[in-house]
Each structure stands twice: as C-alpha cells, then as structure tokens.
Number of protein chains: 2
Amino acid sequence: MKTLENYSTDCGINLLAMRDTLDVLGGKWKLLILHYLITREHEINTFKKMEREITGISAKMLTKELRDLETNKLVHRAQQDTRPITVRYSITPYGKNAEILIQQLVTWGKNHRAQLTGKVVL
Amino acid sequence: MKTLENYSTDCGINLLAMRDTLDVLGGKWKLLILHYLITREHEINTFKKMEREITGISAKMLTKELRDLETNKLVHRAQQDTRPITVRYSITPYGKNAEILIQQLVTWGKNHRAQLTGKVVL
DNA sequence: CTGTATCCGATTGGATACTG
DNA sequence: CAGTATCCAATCGGATACAG
C-alpha cells in the first residue's frame, strides 16, 4: 500500500485518501457491481445471474472484479454445496458504506445529463 | 451519448447515471485534477505548475484530461497574452458540483485505510 | 454452474524529442 | 511555457475453449 511520504506536499492526506478510493473502487465495473449487490441484497445473486444482468461485463472481468472486492471485504463469496456448484455473492456490512458514494455518483450523473440537455437540476 | 434503451432492465436509470459519471469523471486523474483546482481556486494554476504538483502525471495525460474536463464544462482554460504563452486553468462554477463527490471519496478512502489498520472510523 | 487458460487485438500511458 | 508527435511497453479486456 502507498504511504503518505510520497504525497507530503500540501493537502497530501486528502490526495492519498482519494487515490486509495480510486484504487479500490475505480475502474469500469467495481462500483456497478457494488450497486448491483446493494440493490439486490435480499435476492440470491449467483455468478451467472450477475453475468447476465450486469450489462456488458464478461466472465473474466466479473471474476477478477469480484476477487478484488472480496479481498477488500466489500463482497462476500459463499460457495454452495450443490451439484453443479453454485456460488452466492452478497454485499458485506462494510461494503454498504459505499452506498453513500454510489448515491452521489447517481445524483451527479443525473444532474450532468440534465445539464447537457439544458435542464439544470440543482 | 448513451441512451436509456440499453439499460431498460431494473433500475436502469440509476445505472445509466452511474455510467455517465464514470465516463465523465472516471479514470486515474480527472477527480484528482478537479480536486487540485477546487482547493486552489484562488491561485494561478498554469499547466507547468499542475504538472509539477500533481504527483505522477505526465504532460500527455494532463493535456488529455484537461481537454476532456474542458469539453464537459468542468474546467476553464484561459490562454494569456504573454511571451512565452502561459495558460491558466480554473474550476468552473459547474465544476464545483464535483466537490461533494470528491469529499465522499476522501471520506471513504480515509475510513477504508483506518479499516485496514484496525481502527474503524465511522 | 463457476470458473481458468490462452490467444490476441485494442487501449493506456510513459519517455523522448520536437514546435510555436 | 504549453503543448504535439512518435515510439513502444504494459495492461486491458473480449472470445473461445476447456476443467472441476
């Protein structure tokens, strides 16, 4: 992990925190996956279901992103003793902390789209 | 721009908004640049100054990211009539809307780092 | 079903040299 | 100073085939 030493200029602590967040949640899919699992907290979310319902993601990416999220304790993986094997993914209590962040992303995106079409919504 | 048609399943509107945001603000540098310009709103921020002070960014990336942000009206570019030419970049009033989002990123990052080191800060 | 392994094209992004 | 142009390595990420 990075240390503060590299960012000692100015408001380095905030920059470091932002980079941490971007490292953990950045990229094309992670926040979308968290959003998916948060809004479907009370459903059974298998790998296949997620691959089908998260538009555009490939199995390879879904695996990788889920592993990363699991490593950071944001997502829980529960392998079922079925045949064939199924796996249930769920958001962790800690993972739900991202909900505020996600809501901000949604709000900003809606406002930006309105901005572009001329209807400013503040 | 994308349309809602492609995301008609479930809470498609929110997903679309998230993707919009990730498209406009996503990637390694854009939010860091906005943060830089917001916290230095009353300074004169030239290209060179930014290149020096935003740790790790290359001229190529800085140019590209600033162009993208300008296109989305988040950043203003003002070329000065000096010799040699200097350029001042500043956050736009609209660009300041990102401040809430950025603050969330900072908060999340700080909390996550505390989480990893055992000190949970909620 | 839930992945892994491999191939391979597309994209990212740094280094360097150069222009106005 | 503020970029642009070029080269090139590394990574991303889709498609496909295969394994447990």
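Below, read A as the first sequence line, B as the second, and so on, with proteins coming before strands; counting in each chain starts at 1. Worth knowing before you read on, the calculation uses all heavy atoms, side chains too, and leaves out hydrogens, waters and symmetry mates.
Between S58(B) and dG13(C) there is no side-chain N or O to OP1 or OP2 distance below 4.0 Å. Under 4.0 angstrom from either OP1 or OP2 of dG3(D) there lies at least one side-chain N or O belonging to Y89(B). At the phosphate of dC1(C), neither OP1 nor OP2 sits under 4.0 Å from any side-chain N or O atom of R52(A).
Counting to the nearest Å, the C1' atom of dG13(C) and the CD1 atom of I33(B) are 14 Å from each other. Going from atom NZ of K60(B) over to atom P of dC18(C) covers 17 Å, rounded to whole Å. Whole-Å rounding puts the I85(B) CD1 to dG20(C) P distance at 12 Å. Following rounding to the nearest Å, L62(A) (CG) and dG3(C) (C1') show an atom-to-atom distance of 10 Å.
Considering only side-chain atoms of M61(B), the nucleotide from dG13(D), dG13(C), dT2(C) that sits closest is dG13(C). When each of dG14(D), dT2(C), dG14(C) is scored by its nearest atom to the side-chain atoms of W29(B), the top-ranked nucleotide is dG14(C). Closest to the side chain of T63(B), out of dC7(D), dC7(C), dG3(D), is dG3(D). Here the nucleotide nearest the side chain of V87(B), chosen from dG13(C), dC1(C), dG3(D), is dG3(D). The side chain of R67(A) has dG3(C) as its nearest neighbour among dG3(C), dC7(C), dC1(C).
Using a 4.0 Å heavy-atom criterion, one finds that T82(A) contacts no nucleic acid atom at all. Within 4.0 Å of R77(B), counting heavy atoms only, lie sugar-phosphate atoms of the nucleic acid but no base atom.
For the residue pair Y36(B) / K49(B), a side-chain donor-acceptor distance below 3.5 Å is found, with atom types taken as modelled.
When the options D23(B), D20(B), N72(B) are evaluated for a side-chain hydrogen bond (donor to acceptor under 3.5 Å, both in side chains) with H112(A), the one that passes is N72(B).
In this structure, I102(A) CD1 and T39(A) OG1 are separated by 9.0 Å, a value rounded to the nearest 0.5 Å.
Map G56(B) and T86(A) each onto its nearest nucleotide of DNA chain C; the residue landing nearer the 5' end is T86(A).
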